[in-house]
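Residue numbering restarts at 1 for every chain, and letters A, B, ... go by the order of the sequence lines. The shown structure was predicted, so the numbers you read here are calculated from the model rather than taken from an experiment.
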Amino acid sequence: MRPTYMPEILPHREKEISNLASILAPALKGETPSNVFIYGKTGTGKTAVSKFVGRELLEKGKEMGKKVHFIYINCEVVDTHYRVLQNIANHFIQEWADRIPFTGWPTDEVYSKLKQMMDKDGGVTVIILDEVDKLKGDEALYNLSRINSDLEKARVSVVGISNDLKFTEFLDPRVKSSLGEENMVFYPYNAEQLQDILKQRAELALKPDVLKKEVIPLCAALAAQEHGDARRALDLLRISAELAEREGAKKITERHVRMAQNKIEIDRVTEVIRTLPIHSKLVLASIIIGEEEHKKTGLPSMLTTGEVFDTYRELCKKARVESLTQRRIADLISELDMLGIINARTISKGRYGRTREIQTAISKDEIFKILKEEKDDVLNYIVGYKKRGQARLI
DNA sequence: CCTCCACCGGAACGTGAGGAGT
DNA sequence: ACTCCTCACGTTCCGGTGGAGG
């Protein structure tokens with residue numbers, strides 16, 4: 001049930017598979033397939049479909065005795081011009097000693113070596129560039145998009161995958177037109193389709209009869225709300241199963257799914273908070289302190305930007321950190337809002353000005369727990385500060 | 001109906017870190 | 001090792017504003 005697992009059948013992606021396959025099929029006749037751009041949100045099967053088609057292509061190629069190559073590169077991992085070319089070139093080099101090193105060569109020399117190796121081989125190569133928007137600079141794309149005119153015999157086709165619909169807008173127009181010969185959009189799965197996917201995987205991964213019948217529909221429905229993300233659906237089912245197993249339950253129930261949903265959300269928030277820059281954490285701490293303070297004095301739990309800023313400044317002073325300006329803090333508050341950690345909406349209090357009402361969006365204790373694990377000296381000080389009940393700052 | 005508070009949020013600018021080229 | 005360039009992060013400055021209270 002890991003998202004990396006590649007099943008034999010991809011439910012509800014038949015159309016996409018045959019579409020991509022027919023675009024890439026000319027490779028089997030030794031001709032150049034068009035370059036393709038694939039768009040789609042996370043968990044819509046972009047990677048799975050292209051890997052699937054790639055595998056088929058290799059098999060058919062072997063069957064028909066055609067020289068076909070299929071190279072998959074994840075640009076989040078391999079994210080520079082040099083490393084992309086190096087990766088592709090090394091695919092054609094069998095001898096370990098001859099491989100192109102991680103670093104050291106001029107980039108254009110890697111490019112010439114690549115061309116030389118490809119021509120020596122003379123086959124058709126399909127290159128998948130997954131998460132191509134993560135690539136730094138567009139030189140790699142530029143090189144690959146015009147490599148065919150530099151090659152004698154060999155042929156190259158590039159499949160770019162991105163979940164950013166606007167990605168190509170920022171590209172060099174030449175690259176854009178060359179890579180976008182064909183475009184495909186992967187639409188999100190709906191709840192029923194997600195159910196089919198889950199059923200298929202559950203059969204492979206779980207013993208029979210361990211699922212209560214409402215489990216799969218619920219996982220599917222929850223994931224469908226989240227723009228039909230198949231990865232999310234599978235995660236839900238997998239974590240539900242793990243939770244059920246951990247508590248020694250005989251069956252996976254709706255309760256486990258709810259727990260899994262909760263766990264995923266907490267994990268997400270934990271990760272977000274943990275990686276927040278120090279001043280954002282201080283702002284977050286200020287909001288928690290402010291809310292506690294309000295509770296003590298019986299005020300509603302809403303805070304204003306001004307209050308948060310005052311508390312924040314106090315914290316900075318106590319912790320001997322230089323404080324940022326209110327303007328900047330206003331932006332940090334907006335960011336926390338966007339991340340879903342707090343809720344902030346602008347309201348007018350008439351005579352008493354215009355401000356934002358700020359409130360934590362998730363449990364204060366949860367946030368506090370995460371901040372407490374913080375290794376940062378400043379935060380330690382503040383957490384200790386608050387714990388000793390000295391949070392009398394307003 | 002007007003005023004005026006306490007911010008909002010846009011714009012221009014400064015700065016240092018890090019990547020590319022040489 | 002050097003320069004140049006870009007980009008994220010912040011600051012400064014300031015015009016704009018919804019609506020309670022006069």
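There is no side-chain donor-acceptor pair under 3.5 Å between Glu192(A) and His12(A). Using a 3.5 Å distance cut-off with no hydrogens or angles, the side chains of Thr42(A) and Asn163(A) do not pair a donor with an acceptor.
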Provide a list of protein-nucleic acid N or O atom pairs under 3.5 angstrom, restricted to nucleotides 1-4 of chain B.
| unit_1 | atom_1 | unit_2 | atom_2 | d |
| --- | --- | --- | --- | --- |
| dT3(B) | O2 | Arg351(A) | NH2 | 3.2 |
| dC4(B) | O4' | Arg351(A) | NH2 | 3.1 |

Might you list the N or O atoms of the protein lying below 3.5 Å from N or O atoms in nucleotides 1-5 of chain C, with each pair's distance?
none

Atom pairs under 3.5 Å, N or O on each side, protein against nucleotides 7-17 of chain B: can you list them with distances?
| unit_1 | atom_1 | unit_2 | atom_2 | d |
| --- | --- | --- | --- | --- |
| dC7(B) | O5' | Gly306(A) | N | 3.2 |
| dC7(B) | O4' | Arg354(A) | O | 3.3 |
| dC7(B) | O3' | Thr305(A) | OG1 | 3.4 |
| dC8(B) | OP1 | Thr305(A) | OG1 | 2.5 |
| dC8(B) | OP1 | Arg356(A) | NE | 3.0 |
| dG9(B) | N7 | Arg327(A) | NE | 3.2 |
| dG10(B) | N7 | Arg327(A) | NH2 | 3.0 |
| dG10(B) | O6 | Arg327(A) | NE | 2.8 |

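Scanning all heavy atoms of the two residues, the minimum distance from Pro188(A) to Arg13(A) falls at C-NH2, 4.3 Å.
Hydrophobic side-chain contacts under 4.5 Å tie Val49(A) into a cluster, directly or through other members, with Met6(A), Leu10(A), Ile17(A), Leu20(A), Ile23(A), Leu24(A), Leu28(A), Val36(A), Ile38(A), Phe52(A), Val53(A), Leu57(A), Leu58(A), Met64(A), Val68(A), Phe70(A), Tyr72(A), Val126(A), Ile128(A), Val159(A), Ile161(A), Met184(A), Phe186(A).
Atom pair Ile347(A):CD1 and dC5(B):C1' shows a separation of 13 Å (rounding to whole Å applied). dT17(C) atom P lies 20 Å from atom CZ of Arg345(A), rounded to whole Å. To the nearest angstrom, C1' of dA8(C) lies 14 Å from CG of Leu324(A). Residue Leu332(A) contributes atom CG, which lies 16 Å from atom P of dA8(C) at whole-angstrom precision.
Applying the side-chain hydrogen bond (donor to acceptor under 3.5 Å, both in side chains) criterion to Gln200(A), with sequence neighbours excluded, gives no partner residue.
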Go through the steps to decide whether Arg268(A) and Glu271(A) satisfy the test side-chain contact (heavy atoms from CB on, under 4.5 Å), and finish with yes or no. CA-CA 5 Å; Arg268(A) 191 203 122 236; Glu271(A) 192 49 35; 6.0 Å; no
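Here Asp119(A) does not pair with Lys115(A) in a salt bridge; the nearest charged N to carboxylate O distance is not below 4.0 Å. The pair Glu109(A)-Lys113(A) does not count as a salt bridge, with every side-chain nitrogen at least 4.0 angstrom from each carboxylate oxygen.
Screening residues 347-371 of chain A for salt bridge (charged side-chain N to carboxylate O under 4.0 Å, His left out) gives Glu291(A)-Lys364(A), Glu292(A)-Lys364(A), Arg345(A)-Glu357(A), Glu366(A)-Lys369(A) as the qualifying pairs, with residues at least two apart or on separate chains.
Counting heavy atoms from C-beta on, the side chains of Arg146(A) and Ser178(A) never come closer than 4.5 Å.
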